[in-house]
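Here's the structure, in structure tokens; my notes come after.
Excluded from the calculations below are hydrogen atoms, water molecules and symmetry mates; all remaining heavy atoms, backbone and side chain alike, are included.
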Amino acid sequence: MALHVLDEANRCLGCKKPLCQQGCPIHTNIPEVIRLLKANQMDEAGRMLFENNPLTTVCALVCNHENQCEGHCVRNRMPSHDPVHFSIIEDYISTTYANKMTAGPAPKNGMKAAVVGSGPAGLTIAVLLARWGYDVTIFDARDKIGGVMRYGIPNYRLPDSVLDDFQYRHLELKGIKVRPNTTIGKTITIDDLFRDGYKSVFIGAGLWKANAMHIKGETLGNVAFGIDYLANSKAFRLGSDIAVIGVGNSAMDCARTAIRNGARHVTCYARRDESCISASEYEVSYAKLEGVGFRFCKAPVEIRENGLICRDTVKGEDGRFTQVEGSEIFYPHTGVIVSVSQGSESNLVKTTTGIETNQKGLLTVSEDGSTTREGVFAGGDAVMGARTVVEAVAVAKKVAESMDAYMKSLPAEEVADPYANIPVFQTPTSDVLAKQEI
């Protein structure tokens with residue numbers, strides 16, 4: 001592995017104007033990281049990666065490198081068209097250096113901040129605020145941290161061990177508290193958080209509400225929504241011949257996961273032609289390599305217990321696809337996964353006064369990430385809709401700075417503790433307990 005990484009690093013041209021860095025949403029200093037690695041200064045390289053991106057171990061595995069750092073590499077302009085694969089380099093450096101990260105929490109500044117949701121945006125916010133001395137608590141509706149990274153990205157792409165290691169080294173060792181299985185907006189509200197002394201709240205809740213197609217048959221027992229299937233694919237029994245409706249990255253994850261769960265035939269359906277594929281070329285190529293089939297210009301009109309009825313679509317001069325009446329065809333399948341898109345839940349907004357949303361249910365924020373309620377900030381999928389991990393990190397870094405500036409601007413307040421002088425119950429010592437037993 002190390003020799004492979006060094007071989008790849010030696011291919012870097014060290015451009016004076018690194019296009020790879022420009023192509024990265026968080027502008028990772030790729031040439032300098034590679035230079036440090038080649039100079040046997042891997043700890044310095046690892047420190048630089050984590051300082052810039054707390055989720056570097058994740059991004060090394062799941063970033064859309066083909067359209068970002070590697071896609072912008074100047075070597076793509078050469079006849080050989082062989083970019084430096086920085087993903088391999090970043091994975092090696094960040095994973096190796098992560099094992100050396102044992103530093104404890106930073107000195108506290110006396111202020112508390114709450115983070116709602118432990119997806120990429122929430123985790124980035126939490127780590128950065130903790131670095132700056134804030135006492136941070138993360139609230140998440142699920143039992144483990146990671147959000148869409150754990151429950152929406154298959155384990156073969158992003159192993160749970162990466163997120164478990166992140167929790168230990170970046171949360172537990174840094175004094176960041178996690179309150180799992182806690183949905184803000186039900187029993188606990190944002191008003192409660194402010195009551196209990198949190199000076200600022202970040203909302204990074206993901207898009208966990210699957211969007212339906214609203215066609216007949218979506219409630220049948222052989223149907224699953226993509227976000228639900230990826231969260232726990234083993235819980236579903238969809239048979240050996242599965243149809244996946246959709247051709248985005250989540251649809252590719254569903255299709256490839258179904259193959260790994262024993263499906264013998266998996267076919268993806270799209271309403272439009274092949275140019276409408278929104279999944280990355282890498283993911284599509286892997287899906288095809290693993291045997292996933294594709295049917296284009298097919299609009300699902302009904303799901304049945306034993307298959308799917310689709311209607312042909314044609315592209316008009318205006319570029320729009322319309323359905324062809326009378327072209328219905330039945331395609332036999334044992335199960336169907338609907339993976340078209342996700343939306344936001346509304347419980348949190350319904351129980352919080354002063355927070356506005358747009359027509360899609362996404363939170364309305366200013367350029368600095370502040371919502372329409374003072375002290376409440378938001379970012380990630382809750383604001384932008386479904387985006388990549390690194391895009392969420394990029395936004396979170398800016399919002400963290402805004403939260404820091406906001407909390408520092410608050411007037412100092414001294415709140416007297418009404419119970420400061422009450423007696424403290426003395427726990428019996430072992431000697432007293434022993435005499436009581438006698």
Side-chain donor/acceptor of N10 to backbone N/O of L6, under 3.5 Å
yes
May I ask you to decide whether E51 forms a salt bridge with R131, counting only side-chain N to carboxylate O separations under 4.0 Å?
yes
Tell me, with the steps shown, if K397 and N53 meet side chain to side chain donor-acceptor pair (under 3.5 Å).
CA-CA 9 Å; K397 291 176 68 174; N53 178 11; over 6 Å; no
Should T313 and C297 count as side-chain neighbours, where that means a heavy-atom distance under 4.5 Å?
yes
Is the H65 to Y282 ring centre distance short of 6.0 Å?
no
Under 3.5 Å, side chain of Q21 to main-chain N/O of P18, donor-acceptor pair present?
no
Are there over 12 heavy-atom neighbours, none belonging to R272, within less than 6.0 Å of that residue's CZ?
no
E283: salt bridge (Lys or Arg N to Asp or Glu O under 4.0 Å) partners, not counting sequence neighbours
R157, R256
So among T257, I245, L238, which one has a side-chain contact (heavy atoms from CB on, under 4.5 Å) with I337?
L238
Counting only heavy atoms not in R304, do more than 12 fall under 6.0 Å of its CZ?
no
Regarding R11 and E8, does a basic nitrogen lie under 4.0 Å from an acidic carboxylate oxygen?
yes
Show your working on salt bridge (Lys or Arg N to Asp or Glu O under 4.0 Å) between K174 and E172 and close with a plain yes or no.
CA-CA 5 Å; K174 301 298 185 292; E172 294 177 13; over 6 Å; no
Can we say R75 and D82 salt-bridge, meaning some charged N sits less than 4.0 Å from an Asp/Glu carboxylate O?
yes
Given the rule in the side chain to side chain donor-acceptor pair (under 3.5 Å) test, do Y406 and D368 qualify, once you have shown the distances and angles that lead to the verdict?
CA-CA 10 Å; Y406 169 78; D368 64 353; over 6 Å; no
Can a donor-acceptor pair be found, under 3.5 Å and without considering hydrogens, that links the side chain of E70 to the backbone of S87?
yes
Would you indicate whether R264, at its atom CZ, is surrounded by more than 12 heavy atoms from other residues, nucleotides or ligands within a distance under 6.0 Å?
no
Looking only at non-hydrogen atoms, find the nearest pair between N52 and H27 and report the distance.
ND2-C, 4.4 Å
Answer yes or no: is there a donor N or O on one side and an acceptor on the other, between the side chain of E90 and the main chain of F86, under 3.5 Å?
no
Taking the six-membered ring of F294 as reference, does the NZ or CZ atom of K288 fall below 6.0 Å from its centre and within a 45° cone about the axis?
yes
Is there a donor-acceptor contact under 3.5 Å linking the side chains of T388 and N64?
no
Minimum heavy-atom distance N306-N222, with the two atoms named:
N-ND2, 4.4 Å
C268 side chain reached by R295 side chain, heavy atoms, under 4.5 Å
no
Before giving the answer on side chain to side chain contact (heavy atoms under 4.5 Å, CB included), spell out for H170 and F50 the whole-Å C-alpha distance, their side-chain angles and the decisive distance to 0.1 Å.
CA-CA 10 Å; H170 291 274; F50 278 103; 3.4 Å; yes
Hey, mind stepping through D160 and N155 against side chain to side chain donor-acceptor pair (under 3.5 Å) and telling me if it holds?
CA-CA 6 Å; D160 288 345; N155 203 260; 3.1 Å; yes
So, do L171 and V136 sit near enough that their side-chain heavy atoms are less than 4.5 Å apart?
no
Check: L123 and Q167 side chains under 4.5 Å, non-hydrogen atoms:
no
Within a strict 4.5 Å, meaning less than it, do heavy atoms of the V127 and F166 side chains meet?
yes
Under 6.0 Å between ring centres, would you say that holds for H333 and Y269?
yes
Please check if the side chain of T189 supplies one atom and the backbone of G185 the other of a donor-acceptor pair under 3.5 Å.
no
Given 3.5 Å as the limit, does a donor-acceptor pair link the side chain of N76 with the main chain of C73, or not?
yes
For L163 against G146, the heavy-atom pair lying closest together
CD1-CA, 4.3 Å
Are K315 and F321 in a cation-pi contact, defined as NZ or CZ under 6.0 Å from the six-membered ring centre and within 45° of the axis?
no
At their closest point, which heavy atom of S278 faces which heavy atom of G248, and how far apart are they?
OG-CA, 3.2 Å
Have a look at V365 and tell me which of V376, T371, T372 forms a side-chain contact (heavy atoms from CB on, under 4.5 Å) with it.
T371
Where do V266 and E290 land on the side chain to side chain contact (heavy atoms under 4.5 Å, CB included) test, with the steps shown first?
CA-CA 10 Å; V266 178; E290 293 168 10; over 6 Å; no
Ignoring hydrogens and angles, tell me if any N or O in the side chain of E66 forms a donor-acceptor pair with the backbone of E281 under 3.5 Å.
yes
How are the rings of F139 and Y198 set to each other: parallel, tilted or perpendicular (split at 30° and 60°)?
perpendicular
Using a cut-off of 6.0 Å, state whether more than 12 heavy atoms not belonging to K177 lie near its atom NZ.
yes
I145 backbone acceptor or donor facing R150 side chain under 3.5 Å:
yes
Atom CD of E328: over 12 foreign heavy atoms under 6.0 Å:
yes
Whether R271 side chain and K298 backbone form a donor-acceptor pair below 3.5 Å:
no
Quiz item: cation-pi between R142 and Y151, 6.0 Å / 45°:
yes
Yes or no on salt bridge (Lys or Arg N to Asp or Glu O under 4.0 Å) for D191 and R373, after CA distance, side-chain angles and deciding distance?
CA-CA 11 Å; D191 292 335; R373 173 165 177 174; 2.6 Å; yes
Side chain to side chain donor-acceptor pair (under 3.5 Å) between T95 and D91, worked out:
CA-CA 6 Å; T95 302; D91 181 42; 3.3 Å; yes
Please determine if D43 and K100 form a salt bridge, counting it only when a charged side-chain N lies under 4.0 Å from a carboxylate O.
yes
Any non-hydrogen side-chain atom of F296 less than 4.5 Å from a side-chain atom of I277?
yes
Is the shortest side-chain heavy-atom distance between K17 and C15 below 4.5 Å?
no
Separation of L128 CG from I125 CD1 (nearest 0.5 Å)
6.5 Å
Determine yes or no for a side-chain-to-main-chain donor-acceptor pair under 3.5 angstrom, with T267 supplying the side chain and G293 the backbone.
no
Any cation-pi pair here, R260 with Y156, using under 6.0 Å and within 45°?
yes
Would you say that more than 12 heavy atoms from the other residues, nucleotides or ligands in this model lie under 6.0 Å from the OH of Y286, or not?
no
Minimum heavy-atom separation for A114 and L193, please, with both atom names.
CB-CD1, 4.0 Å
Just so I know, are the side chains of I26 and Q68 near enough to count as touching, which here means a heavy-atom distance under 4.5 Å?
no
Tell me the closest heavy-atom pair linking N249 and A279, and the distance in Å.
OD1-CA, 3.3 Å
Across all chains, not counting sequence neighbours, the ring pair (Phe, Tyr, Trp, His ring centres under 6.0 Å) partners of Y229 are F236
Show, in sequence, the C-alpha distance, side-chain angles and deciding distance for Q41 and L37, and conclude whether the side chain to side chain contact (heavy atoms under 4.5 Å, CB included) test is met.
CA-CA 5 Å; Q41 295 177 289; L37 174 65; over 6 Å; no
